[in-house]
Each structure stands twice: as structure tokens, then as C-alpha cells.
Amino acid sequence: MHNFEKLLFWQKSIQLAKEVYLVCVDLPKDEKFGLISQIKRSVVSIPSNIAEGAGRNNDREFYHFLGIANASSFELQTQLILTRELELLSVEKVDSLISHLNEIQRMIYTFKSNLKK
């Protein structure tokens, strides 16, 4: 078992979730049950799956949940790109969020690689 709260990529994913929730306020209200809901589910899934995996019985299970967290991160990245393409959020806001997201993706990938050894 791992203490997920000490994992830097979990901490960064919590920070990202807070940032994403704050920018969702700027999205059109008619997207509340569409894109906003999907974005929030994706961003919450990242730290949630890291935490769930950390609480599992072995590193193999943790590895699996890190894969799910990473998949959610790519889902979120796609949704953020869509908000940029539809000009619902500024290029600067989206690019900043994606930059943070890419850092988390790299950290998850590295941690997964080390778990497999």
C-alpha cells in the first residue's frame, strides 16, 4: 500500500482539479450537463484512481489504476482541446491547463515504469 497523499503527481492532480473547476465557471451555462459535466468527471477521475490504486493490495493493481488515471487525463486533454477549438475558453487558459496535465501524465508514466521493475 502507498500513501497517495505523499505522491507528487496525486497532489498536482488535485491542484489541477481545483483549477479546472474554477475555469468551468467561465463555460456557457448551456454546457452544464454536457461538456462541463464531462470535464469535471474526467479531472476528478485522475486523483481518484491514483488514490484507489494506492489502496489496493499490490503494485500490479496499483499499476492498473494508474492506467485508468492516465486514460482519464487524455480524455480531459481532448475535452480541453475542444473548448479551445470552440473558443469557449481562451487559448492561454487551455494551454496552461494542458501544460499542467502533461506534467502529470509524464509523472504517472514514470511512476508506472518504476512499479513494473
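- Residues satisfying the salt bridge (Lys or Arg N to Asp or Glu O under 4.0 Å) test with Glu52, not counting sequence neighbours, are Arg56.
- A search for side chain to side chain donor-acceptor pair (under 3.5 Å) contacts involving His64 returns nothing, not counting sequence neighbours.
- Partners of Lys40 by side-chain contact (heavy atoms from CB on, under 4.5 Å), not counting sequence neighbours, listed by chain and number: Tyr21, Cys24, Ile36.
- We find the CD1-CG distance between Ile108 and Leu7 to be 10.0 Å, quoted to the nearest 0.5 Å.
- Not counting sequence neighbours, the partners of Ser37 by the side chain to side chain donor-acceptor pair (under 3.5 Å) test are Arg41.
- A 4.5 Å side-chain heavy-atom check between Leu82 and Leu88 finds every atom pair outside the cut-off.
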Donor-acceptor pairs are to be reported for all side-chain atoms of residues 90-98 against protein atoms at under 3.5 Å, with residues two or more places apart or in another chain.
| unit_1 | atom_1 | unit_2 | atom_2 | d |
| --- | --- | --- | --- | --- |
| Ser90 | OG | Lys93 | N | 3.1 |
| Lys93 | NZ | Asp26 | OD2 | 2.3 |
| Asp95 | OD1 | Arg84 | NH1 | 2.6 |

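- Residues Lys112 and Gly67 approach most closely at NZ-CA, 3.7 Å, considering heavy atoms.
- Rounded to the nearest 0.5 Å, atoms OG (Ser72) and CG (Leu101) are 10.5 Å apart.
- We find the CG-CD1 distance between Leu76 and Ile46 to be 5.0 Å, quoted to the nearest 0.5 Å.
- Every side-chain contact (heavy atoms from CB on, under 4.5 Å) that Ala51 has, sequence neighbours left out, goes to Phe4, Trp10.
- Counting heavy atoms from C-beta outward, Thr83 and Leu35 have side chains that approach closer than 4.5 Å.
- The hydrophobic cluster containing Leu22, built from Ile/Leu/Val/Met/Phe/Trp/Tyr side-chain heavy atoms closer than 4.5 Å, comprises no other residue.
- For Phe9, the ring-ring contact (aromatic ring centres under 6.0 Å, His included) partners at least two apart in sequence or on another chain are Phe111.
- In this structure, Ile68 shares a hydrophobic cluster with Phe65, the cluster being traced through Ile, Leu, Val, Met, Phe, Trp and Tyr side chains under 4.5 angstrom apart.
- Take Glu103 and apply the side chain to side chain donor-acceptor pair (under 3.5 Å) test, not counting sequence neighbours, and it matches Lys12.
- Minimum heavy-atom separation, Val43 to Pro47: O-CD, 3.0 Å.
- To the nearest 0.5 angstrom, Leu115 atom CG is 12.0 Å from Glu61 atom CD.
- Tracing side-chain contacts under 4.5 Å through hydrophobic residues (I, L, V, M, F, W, Y), one never reaches Ile104 starting from Tyr109; they form parts of separate clusters.
- The side-chain contact (heavy atoms from CB on, under 4.5 Å) test applied to Ser48 returns Val44, not counting sequence neighbours.
- With sequence neighbours left out, Gln105 forms a side chain to side chain donor-acceptor pair (under 3.5 Å) with Ser73, Gln77, Asn102.
- Within the model, atoms CG of Leu8 and OG of Ser13 stand 9.5 Å from one another, a figure rounded to the nearest 0.5 Å.
- For the atom pair Ile39 CD1 and Glu75 CD, the distance stands at 10.0 Å (nearest 0.5 Å).
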Original post:
Under the side-chain contact (heavy atoms from CB on, under 4.5 Å) criterion, do Glu5 and Gln11 qualify, and how do the steps go?
Top reply: CA-CA 7 Å; Glu5 291 180 276; Gln11 294 168 7; 5.8 Å; no
